[in-house]
Amino acid sequence: MIDIKNITKSFGSLQVLKGIDLHIGKGEVVSIVGPSGAGKTTLLQIIGTLDRPDAGSVCVDGIDTTALKGRKLSDFRNRHLGFVFQFHQLLPEFTAVENIMIPAFIGGAGHQEARRRADELLAFMGLTDRADHKPNELSGGEKQRVAVARALVNHPAVILADEPSGSLDSRNKQELHQLFFDLRDRFGQTFVIVTHDEELATLTDRTIHLRDGIIVPDPKVETAPSDTPETL
């Protein structure tokens, strides 16, 4: 599903990613964790084609995204990738259902098709009765579920989430986390999630630990002792 090979990225003299190799399978829910400045968001943006690596390749759904440019790149992003951010980024002048429909319109869907898909997603999220409400009339948890529905409207191969529950209270966090796994179980959806939330990280199928621009072993997993005694 996602194949990352020897990705490097620098900003000026600061090298943020130092040769990242990673494979993520279809239907996996993967978290990326690490201290601030480790390169988590930069890696997510490169996977999401919002930034380009200095070297290396990223293949998503069998397509080398680092070889795409211009309209082909934006079309790929619209059709194959969905994004969820810490703050929902809903457009305040549009209703919940209209916000969900916007990426479908950008992708060329007609109004009837876009509305049908948006209504299906609202029903799955338990938000049918909130379809015609604008963001300022929704709770924080409802806004984030609308944002997830918007990310899903074009049947993307991958959902990329950056601190998706960072602005939510405990109850809404738990509901959002469960929603990710419900979507994986129902639709086979792949998720790559950058998070500082330890609870979410422990729930995911796999946790990728980044430190100083490289993938490191899980610090909580102790290395098994060697069978060979140390030589004094």
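Counting begins at 1 with the first residue of the sequence.
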task = Using a 4.5 Å cut-off on heavy atoms from C-beta on, say whether the side chain of Val148 contacts that of Leu183.
result = yes
### Task
Could you tell me whether the side chain of Leu152 reaches within less than 4.5 Å of the side chain of Met125, counting heavy atoms only?
yes
To the nearest 0.5 Å, atom CG of Asn154 lies from atom CZ of Arg77 at 13.0 Å
Lys9 NZ/CZ over Phe11 ring centroid, <6.0 Å and within 45° of normal: yes
Within a radius of less than 6.0 Å around CD of Glu93, do more than 12 heavy atoms belonging to other residues, nucleotides or ligands occur? yes
Within one Ile-Leu-Val-Met-Phe-Trp-Tyr cluster: Ile7 and Val158, side-chain cutoff 4.5 Å
yes
When rounded to the nearest 0.5 Å, the distance separating CD of Glu199 from CG of Leu203 is 6.0 Å
Ile215 and Leu210: side chain to side chain contact (heavy atoms under 4.5 Å, CB included), yes or no, with the steps? CA-CA 5 Å; Ile215 295 175; Leu210 275 187; 3.7 Å; yes
* Asked: Under a 4.5 Å cut-off applied to non-hydrogen side-chain atoms, are Arg130 and Leu122 in contact?
  -> no
Value for CE (Met101) from CG (Asp119), rounded to nearest 0.5 Å, stands at 8.0 Å
Problem set entry | Within 6.0 angstrom of Asp21 CG, more than 12 heavy atoms from elsewhere | yes
For residues 186-196, tabulate all N or O donor-acceptor pairs below 3.5 Å that involve a side-chain atom, not counting sequence neighbours.
residue: Gln189; atom: NE2; partner: Pro156; partner atom: O; Å: 3.2
residue: Gln189; atom: NE2; partner: Ala157; partner atom: O; Å: 3.4
residue: Thr190; atom: OG1; partner: Gly27; partner atom: N; Å: 2.8
residue: Thr195; atom: OG1; partner: Asp197; partner atom: N; Å: 2.8
residue: His196; atom: ND1; partner: Glu163; partner atom: OE2; Å: 2.5

Checklist entry - Is Arg184 atom CZ crowded by more than 12 heavy atoms from other residues, nucleotides or ligands, each under 6.0 Å away? => result yes
Worksheet item: Tell me, do Glu142 and Arg145 make a side-chain contact under 4.5 Å, heavy atoms counted?
Response: yes
Check the pair Arg150, Phe83 against side chain to side chain contact (heavy atoms under 4.5 Å, CB included), reporting the backbone distance first and the verdict last. CA-CA 8 Å; Arg150 178 183 59 190; Phe83 298 88; over 6 Å; no
inquiry  = Tell me whether Lys134 is salt-bridged to Glu137, with the criterion being a basic N under 4.0 Å from an acidic carboxylate O.
reply    = no
Rounded to the nearest 0.5 angstrom, the CG-CG distance for Leu138 and Leu90 is 7.5 Å
Output for pair (His133 NE2, Lys143 NZ), nearest 0.5 Å, gives 13.0 Å
Nearest heavy-atom contact between Lys40 and Gly34 is NZ-O, 3.0 Å
Query - Side-chain heavy atoms of Asn136 within contact of Pro92, under 4.5 Å - result: no
Would you indicate whether the side-chain heavy atoms of Ile4 and His23 approach each other to under 4.5 Å? no
When you compare the side chain of Asn99 with that of Pro135, does any pair of heavy atoms fall below 4.5 Å?
yes
field: Validation row: Ile2, Ile47 side chains within 4.5 angstrom (heavy atoms)
entry: yes
d(Asp182 CG, Leu176 CG) to nearest 0.5 Å is 10.5 Å
Sequence neighbours excluded, the answer for salt bridge (Lys or Arg N to Asp or Glu O under 4.0 Å) partners of Arg206 is Glu28
When you look at Leu81 and Phe76, which way does the side chain to side chain contact (heavy atoms under 4.5 Å, CB included) test go after all the steps?
CA-CA 8 Å; Leu81 302 173; Phe76 175 88; 4.1 Å; yes
Exercise. Kindly work out whether a path of hydrophobic side-chain contacts (I/L/V/M/F/W/Y, heavy atoms less than 4.5 Å apart) joins Ile102 to Ile100.
Key: no
| query | Do Ser57 and Thr66 meet the criterion of a side-chain donor-acceptor pair at a distance under 3.5 Å? | reply | no
Practice task
Answer yes or no: is there an ion pair linking Arg116 with Glu120, defined by an N-O contact shorter than 4.0 Å?
Solution key: yes
| message | Run Lys18 and Thr8 through side chain to side chain contact (heavy atoms under 4.5 Å, CB included) and show every step you take. | response | CA-CA 5 Å; Lys18 304 173 182 177; Thr8 64; 5.8 Å; no
